[in-house]
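A short worksheet on the structure shown next.
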Amino acid sequence: MTDLRQLALTTSIALLISTPADANPDLAKAKNCVACHSLERKMIGPAFKAIAARYAKDESAVSVLKEKVIKGGGGSWGQMAMPPQPGVSPEEAESLVKWILSQEP
């Protein structure tokens, strides 16, 4: 019985440690963000650092950009619209946006 409790505790801790709140470049790669964005240069979409610079003083940036990641949107960076990303959960989107906004411009 003790082994089962230890296994449950270990599993719970592992799940807590690997939450999307720990966004990093690996999550951006896993969610295919890097197909259109890079850290420092414009590709199809703007560079992550350019996004961070534009939204640096915007208190609503996390909620606005989180929604844009999930639902898509256009007009903010030119003619090319960002397609919806239904494979990104709200938690992952928030984590990704916070990571992007943490990049120093």
Side-chain angles (χ1 to χ4, degrees):
M1 186 64 136
T2 302
D3 288 338
L4 187 57
R5 286 186 201 156
Q6 286 178 331
L7 178 61
L9 178 62
T10 303
T11 302
S12 297
I13 291 170
L15 288 172
L16 287 173
I17 291 172
S18 64
T19 62
D22 298 325
N24 57 45
D26 293 332
L27 183 57
K29 289 176 189 169
K31 295 301 175 178
N32 210 24
C33 304
V34 296
C36 298
H37 301 275
S38 82
L39 186 60
E40 296 186 357
R41 65 181 175 84
K42 181 184 183 327
M43 293 174 52
I44 294 170
F48 292 139
K49 287 188 176 191
I51 297 168
R54 178 178 283 185
Y55 291 94
K57 297 181 195 266
D58 186 343
E59 293 179 14
S60 65
V62 172
S63 61
V64 168
L65 295 175
K66 173 183 160 182
E67 182 128 344
K68 192 172 277 196
V69 167
I70 296 169
K71 295 182 178 179
S76 298
W77 295 91
Q79 298 273 339
M80 182 62 72
M82 180 168 162
Q85 303 299 313
V88 178
S89 73
E91 295 81 14
E92 290 168 329
E94 184 170 337
S95 182
L96 284 164
V97 167
K98 287 180 178 179
W99 173 75
I100 291 166
L101 294 175
S102 75
Q103 303 308 303
E104 292 187 28

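Quantities reported herein were computed from a predicted structural model and do not represent experimental measurements.
In this structure, Met43 is not a member of the same hydrophobic cluster as Leu39, with clusters built from ILVMFWY side-chain heavy atoms closer than 4.5 Å. In the hydrophobic clustering of this structure, Ile70 does not group with Val97; members are Ile, Leu, Val, Met, Phe, Trp, Tyr whose side-chain heavy atoms approach within less than 4.5 Å, directly or through other members. Linking ILVMFWY residues whenever their side-chain heavy atoms come closer than 4.5 Å, directly or via other members, leaves Leu101 and Val64 in distinct clusters.
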Worked check of side chain to side chain contact (heavy atoms under 4.5 Å, CB included) between Trp77 and Lys42: CA-CA 10 Å; Trp77 295 91; Lys42 181 184 183 327; over 6 Å; no
Full working for side chain to side chain contact (heavy atoms under 4.5 Å, CB included) between Leu65 and Tyr55: CA-CA 9 Å; Leu65 295 175; Tyr55 291 94; 3.8 Å; yes
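Between the side chain of Asp26 and the backbone N or O of Lys29 there is no donor-acceptor pair closer than 3.5 Å. A donor-acceptor contact shorter than 3.5 Å links the side chain of Gln85 to the backbone of Pro83.
Within the 4.5 Å cutoff, the side chain of Val69 has heavy atoms near those of the Met82 side chain. Between Ser76 and Arg54, some side-chain heavy-atom pair lies under the 4.5 Å cut-off.
The number of heavy atoms from other shown groups lying within 6.0 Å of CE (Met80) does not exceed 12.
Distance CD/Gln103 to CD1/Ile51: 10.0 Å, rounded to 0.5 Å. How far CD1 of Ile100 is from NZ of Lys49: 13.5 Å, rounded to the nearest 0.5 Å. Atom CG in Leu96 sits 8.5 Å away from atom OG in Ser89 (nearest 0.5 Å). The line from NZ of Lys66 to OG of Ser60 is 13.0 Å long, rounded to the nearest 0.5 Å.
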